Amino acid sequence: MQKTLKSHGTWIGKWTFVLAATGSAVGLGNIWGFPYKAGTEGGGAFVLIYLLCIVLIGLPIMLSEILIGRRSGNSPINSMKKSAIDSDVSSAWQGVGWIGISAGILILSFYSVIAGICLKYIFVSASSNDLDTAGQFLSIVNSPKELMLWHTIFMGLTMFIVSAGVKKGIGRMVKILMPMLGLLLIFMVVYGIINGAFKEALSFLFKPDFTKITSDTFLVAMGQAFFSLSLGMGSIMAYGAYMSKDQNIASTSVSVGALDTLVAIMAGLAVFPIIFAIQGLEASGGPGLVFISLQTAFNTMDFGNIIGPIFFILLSVAALSSSISILEPGVAYLAEEGYLSRTKSAIIISITCWLIGIGTAFGFDQDGNNFFQANVELISVNIMQPLGGMLIAIFIGWFMKESLIKDELGDINQAIYQIWRIFIKFVAPIGVGIVLISQLF
Ligand code: PHE
């Protein structure tokens, strides 16, 4: 019944897991999502809560997901099932994998549309010097035909890579492209320091104004933390399944989390100096914020028509290295059950995502807001991902046999182990639970 270990293969090379997991984590969530959410949620206080969520909830869950995945070597559904059976508890824990795969399909449906806008901006920034960048963004998102074209291309690329198997293609790609994205981001931050309102941006991002906190802030910050670290929906668990046994799970989790956070903060420091320097642009501008502010910078800087496209190419690649990780858990499941080939599995799930994505492509209003997308995101990112993460924490904290956990962790520092146990047993489930329950009432 259970498929053999490692039915999908193992990452080649010591660093490939870190790179692939970082590729999964670093994406639109960091560069598109983080700045605009910090903007709409009032800045510093949001950032602080976000950072707390990363450290107190995100990292402990990331460690858990990698552990469960690597132990079993299967898709999240079967990895959960196997760990549950080996711990003599109900195999219904595989439901966590099902929640995850459903969340992934919803997430990918809008992720692909936004990534499609990045693809479109490669060409926009190569050729346009339109100073009304806000108007330009609105005219693009109000053209469903355009959005559908790029959505289709992006979804097709994702499907293609996943059906080919993730290891060789993406493993190699991220090694070159992620450092390049990092360099360009540094360049954008330096540009902001020189030409933008950098001080204002710093105090907006790092001076918490607690009067701006609502119960919504917690929900959005927590969802963003799960989204950005790719947690609670199986991506990291699936990637963990391809990780070799001799790697250290704890230090790997910290590296991936730190890199992800660094990129998000840098994106904020690239975007807000420009927003604050330009009359008429608001920090609370919403989903268009990044496209508008960065394109404004590209329009005014020397060689903007070259640097702009390079930036959007890299952003698209970052999105692609994330989108394949969103698709992977479902495809791995269908393929390992043996009913369908990997390619057919990838096609079926991709088409489902593509169809749901039509709602997002047609959903933008005159102001650039998108009711459909916002609700799909609310359900998948703000509710399903934290819920999945909470269940994983409860499972590993309370139900999984500790001997199995210790086997998998090898000789981990005892102090770190004990801290992780406390976080995963109490802090993470209670924290997520309070935020989710407070939303219901
Ligand atoms: N972490 C990715 C980003 O920040 C998105 C993602 C979400 C990837 C969920 C995998 C799973 O863009």
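Since this is a predicted model, take the numbers as computed values, not measurements. When a ligand or atom number is given, it counts from 1 through the structure's own listing order.
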I need the single residue from Trp150, Trp32, Phe291 that forms a ring pair (Phe, Tyr, Trp, His ring centres under 6.0 Å) with Tyr121. Which is it? Phe291

Contacts of Phe154 meeting ring pair (Phe, Tyr, Trp, His ring centres under 6.0 Å) (sequence neighbours excluded), chain-then-number -> none

With Lys425 as the cation and Trp398 as the aromatic partner, state whether NZ or CZ is under 6.0 Å from the six-membered ring centre and within 45° of the axis. yes

Enumerate the protein residues lying less than 4.0 Å from ligand 1, judged by heavy-atom distances, in chain and residue-number order. Ser24, Ala25, Gly27, Leu28, Gly29, Asn30, Tyr111, Phe227, Ser228, Ser230, Met233, Ser235, Ser322, Ser325, Ile326, Gln385

Just say parallel, tilted or perpendicular for the rings of Phe227 and Phe110, cut-offs at 30° and 60°. parallel

Provide the closest heavy-atom pair for Ser163 versus Thr343 in the form atom of the first, atom of the second, distance. CB-CA, 3.6 Å

Please report the interatomic distance CE(Met188) to CD1(Ile193), rounded to the nearest 0.5 Å. 12.0 Å

